[in-house]
Amino acid sequence: MSIKKTAWNFDNSYACLPEKMFSHLSPVPVRSPNVILFNHILAENLGLDFSNLSKTGVAALFSGNVLPVGAAPIAQAYAGHQYGHLTMLGDGRAIVLGEHITPDHQRVDIQLKGSGRTPYSRQGDGRAALSPMLREYVISEAMYALGIPTTRSLAVVATGEDVFRNTSQPGAILTRVASSHIRVGTFEYIATLENVEILKKMVNYTIDRHYLHLKEAENPALELLKAVIEKQIILITHWMRVGFIHGVMNTDNMTISGETIDYGPCAFMDAYDPKTVFSSIDRYGRYAFGNQPEIAQWNLTRFAETLLPLLHESQETAIQTVEDVLGNFPGTYQKHWLAMMRNKLGLFKQENEDEMLINDLLFWMQENKADYTNTFRALISKNFPTGKVFQDERFKLWHRRWQARLSQNACALESSFELMRANNPAVMPRNHKVEEALKAASEQGDLTLLNRLLELLSKPYEDFRSDDMSYQTPLDAGCVYKTFCGT
Ligand code: AMP
Ligand code: MG
């Protein structure tokens with residue numbers, strides 16, 4: 001029996017949309033591609049097998065030097081509100097090779113990021129530096145392992161060419177796998193075209209691709225809006241669960257599928273503080289940890305505005321509908337958030353006092369600079385948590401209240417701990433550990449730390465081995481971690 005290798009199965013539906021939505025073009029070849037990371041498990045899940053290819057063959061493929069059979073490469077057009085201001089954008093350094101259909105009939109975009117200039121590049125060089133592409137690989141895969149909807153990373157290939165980002169750095173291309181790259185910004189772009197036919201086509205396309213159950217809805221655009229709101233609430237609630245700060249929640253970085261996308265200046269919070277911001281360019285804290293739900297609502301309002309022509313023939317009624325639907329956002333989000341926080345504290349059923357119990361813990365954590373990840377994990381024990389921070393009298397008081405609340409659960413304490421273990425990661429990508437691993441990889445070509453980190457992050461809910469304790473230690477509170485754009 002012969003073994004079928006590679007097995008790309010492209011079906012490129014986006015390229016059948018109106019021409020204004022994209023540009024046909026191929027990746028710009030690179031000098032000497034070299035595979036740095038390859039996600040074998042993801043490749044297998046996608047039904048792809050490259051074992052018949054040499055290392056050079058794989059590098060040629062994931063650098064865009066050779067196109068896979070069936071690819072129809074395009075750069076997508078989109079706009080977006082960046083820090084509140086509408087701009088025309090588009091894939092300035094990315095190319096969707098096509099949509100691969102997996103053996104279990106999932107349709108995924110295969111996108112090369114850093115693949116050269118496109119008609120949407122503006123002043124950019126169309127390229128990406130190695131370290132940020134490795135960073136996207138690490139964090140997106142960590143998010144996946146945490147159970148959070150996200151784009152995935154299949155490969156990072158060094159290009160053998162330098163890119164200039166303040167200093168000269170090695171260049172690289174990331175292969176991103178996404179359920180689609182349709183963004184709020186995609187609809188904002190269509191709104192600038194003032195073309196209702198294209199808008200209708202895009203709504204139908206999105207429903208076919210992501211929300212098939214809405215196909216027969218009386219008002220598909222309205223139902224799509226509601227479904228996207230729900231998906232985004234679920235996503236943001238996950239981010240708040242693990243202390244993830246996206247960092248650039250511009251509308252072009254918000255997907256209609258509800259996947260996390262575009263890992264730029266994102267980072268995870270150590271000490272709990274809703275005002276935490278890592279991105280050096282987010283000077284006013286627009287995208288701070290605690291602002292994320294509100295920003296999601298703001299972005300969804302921009303999405304809703306693009307749909308107005310399809311919501312009702314009377315603009316006034318359409319606006320009223322949007323206001324009603326989005327008016328429910330805070331209440332629905334709060335319900336999701338409370339349910340998530342109950343899980344983090346092992347609370348079954350709902351009691352009136354729960355919200356205060358949760359908020360009192362968060363307030364105490366903020367006052368005492370308690371680590372977000374470690375605090376919840378330390379609570380999973382029959383014994384009082386060890387550690388200096390917990391010796392505080394107010395924490396002891398809170399702990400007694402929590403114990404009393406746990407005793408109201410109908411089930412055994414172990415069930416609470418199980419729920420907590422499943423919702424509170426023990427390991428997440430600590431900023432300084434990620435930086436350390438990226439530095440070794442991009443400056444010395446040493447992948448040892450990076451591979452160890454990837455292995456640990458693939459099982460985030462498992463208890464630590466004692467020799468991995470350094471991954472649990474936050475960065476010294478005195479050192480302020482900053483992330484930079486210019487990736
Ligand atoms: P991002 O901040 O990654 O979401 O990117 C915002 C916009 O800038 C998108 O349109 C990107 O395609 C574009 N962009 C980012 N970096 C580059 C680059 N080096 N060359 C060309 N376009 C870029
Ligand atoms: Mg982006």
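Ligands are counted one by one from 1 in listed order, and the atoms in each one are counted from 1 as well.
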**OP:** May I ask you to list the atoms of ligand 1 that are less than 4.0 angstrom from any heavy atom of D252?
**Re:** 4 (O)
Subject >> Atoms of ligand 1 close to G126 [distance to a heavy atom under 4.0 angstrom, numbered from 1] >> reply: 18 (C), 19 (N), 20 (N), 21 (C)
Original post:
With a 4.0 Å cut-off, would you call D208 and R107 a salt bridge?
Top reply: no
Subject >> Test: E197 and K200 ion pair at under 4.0 Å >> reply: yes
Does ligand 1 have any atom that is closer than 4.0 Å to a heavy atom of [X]?
X	value
D91	yes
Q82	yes
R122	yes

Original post:
Nearest to atom 9 (C) of ligand 1 by heavy atom, G264, P132, A94, G90: which?
Top reply: G90
Crowded around [X] [atom1]? As in, over 12 foreign heavy atoms under 6.0 Å?
X	atom1	answer
Y120	OH	yes
H105	NE2	no
Q334	CD	yes
E44	CD	no

Subject >> E188: which of R183, R302, E305 passes side chain to side chain contact (heavy atoms under 4.5 Å, CB included) >> reply: R302
Using a 4.0 Å heavy-atom cut-off, which part of [X] comes near ligand 1: side chain, backbone, both, or neither?
X	value
R127	backbone
Y78	side chain
N250	neither
R165	side chain

**OP:** Could you tell me whether some N/O pair between L89 and ligand 1 is separated by less than 3.5 angstrom?
**Re:** no
Original post:
Does R31 use its side chain to pair, donor to acceptor, with the backbone of T159 at less than 3.5 Å?
Top reply: no
Original post:
What protein N/O/S atoms sit under 2.8 Å from the Mg ion (ligand 2), by chain and number?
Top reply: N253 OD1, D262 OD2
